[in-house]
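Report on the structure given below.
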Amino acid sequence: MDVIDGGYLRKLREEKGFSLRTFAQKIYVSKSTVQRWEQSHVPADEENIENIAAALDMTVDELIHGSKNYAESGVEESMPCLLYTSDAA
């Protein structure tokens with residue numbers, strides 16, 4: 001079974017409006033596990049991938065195919081960045 005890109009997982013979780021804690025509870029893992037996955041990838045554990053797909057109202061095939069497309073696109077969503085400067089010289 002294929003792995004799921006962590007960035008794609010985060011994107012889907014946020015689109016559904018799930019907090020880390022809520023999503024972790026839905027898929028029967030700890031919040032820190034979801035955080036770790038989102039920073040790299042979801043291991044190829046069939047049970048975890050099935051739970052993730054179910055929580056996101058997707059099939060496993062849709063989840064894997066979407067992840068592959070996301071990873072191949074090479075486009076990461078930009079994160080807002082605030083730059084504070086001081087007027088003091």
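Annotation: side chain of I27 is in contact with side chain of V34 (closest heavy-atom distance under 4.5 Å). Under the 4.5 Å side-chain criterion, counting only non-hydrogen atoms from C-beta, I52 is not in contact with I4. Counting only heavy atoms from C-beta outward, the side chains of F23 and L56 approach each other to under 4.5 Å. Side-chain contact check for K16 versus D57: some heavy-atom pair is nearer than 4.5 Å.
Not counting sequence neighbours, the partners of R21 by the side-chain contact (heavy atoms from CB on, under 4.5 Å) test are S19, Q25, K31. Taking the side-chain contact (heavy atoms from CB on, under 4.5 Å) definition, one finds that S40 meets it with nothing, sequence neighbours left out. Residues that satisfy the salt bridge (charged side-chain N to carboxylate O under 4.0 Å, His left out) test with D61, not counting sequence neighbours, are absent from this structure. In terms of the side-chain contact (heavy atoms from CB on, under 4.5 Å) criterion, residue partners of N48 (sequence neighbours excluded) are, by chain and number, V29, W37, D45.
The NE2 atom of H65 sits 10.5 Å away from atom OG1 of T59, with the distance rounded to the nearest 0.5 Å. A distance of 12.0 Å separates CD1 in I49 from CE in M58, rounded to the nearest 0.5 Å. Note that CD1 of I64 and OH of Y8 are 10.5 Å apart. Values are rounded to the nearest 0.5 Å. Between E14 atom CD and L12 atom CG the span is 10.0 Å, to the nearest 0.5 Å. Rounded to the nearest 0.5 Å, atoms OG1 (T33) and CD (Q35) are 9.0 Å apart.
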Practice prompt. Could you check R13 against L20 for side-chain contact (heavy atoms from CB on, under 4.5 Å), going step by step and ending with a plain yes or no?
Written response: CA-CA 8 Å; R13 175 182 62 79; L20 279 168; 3.8 Å; yes
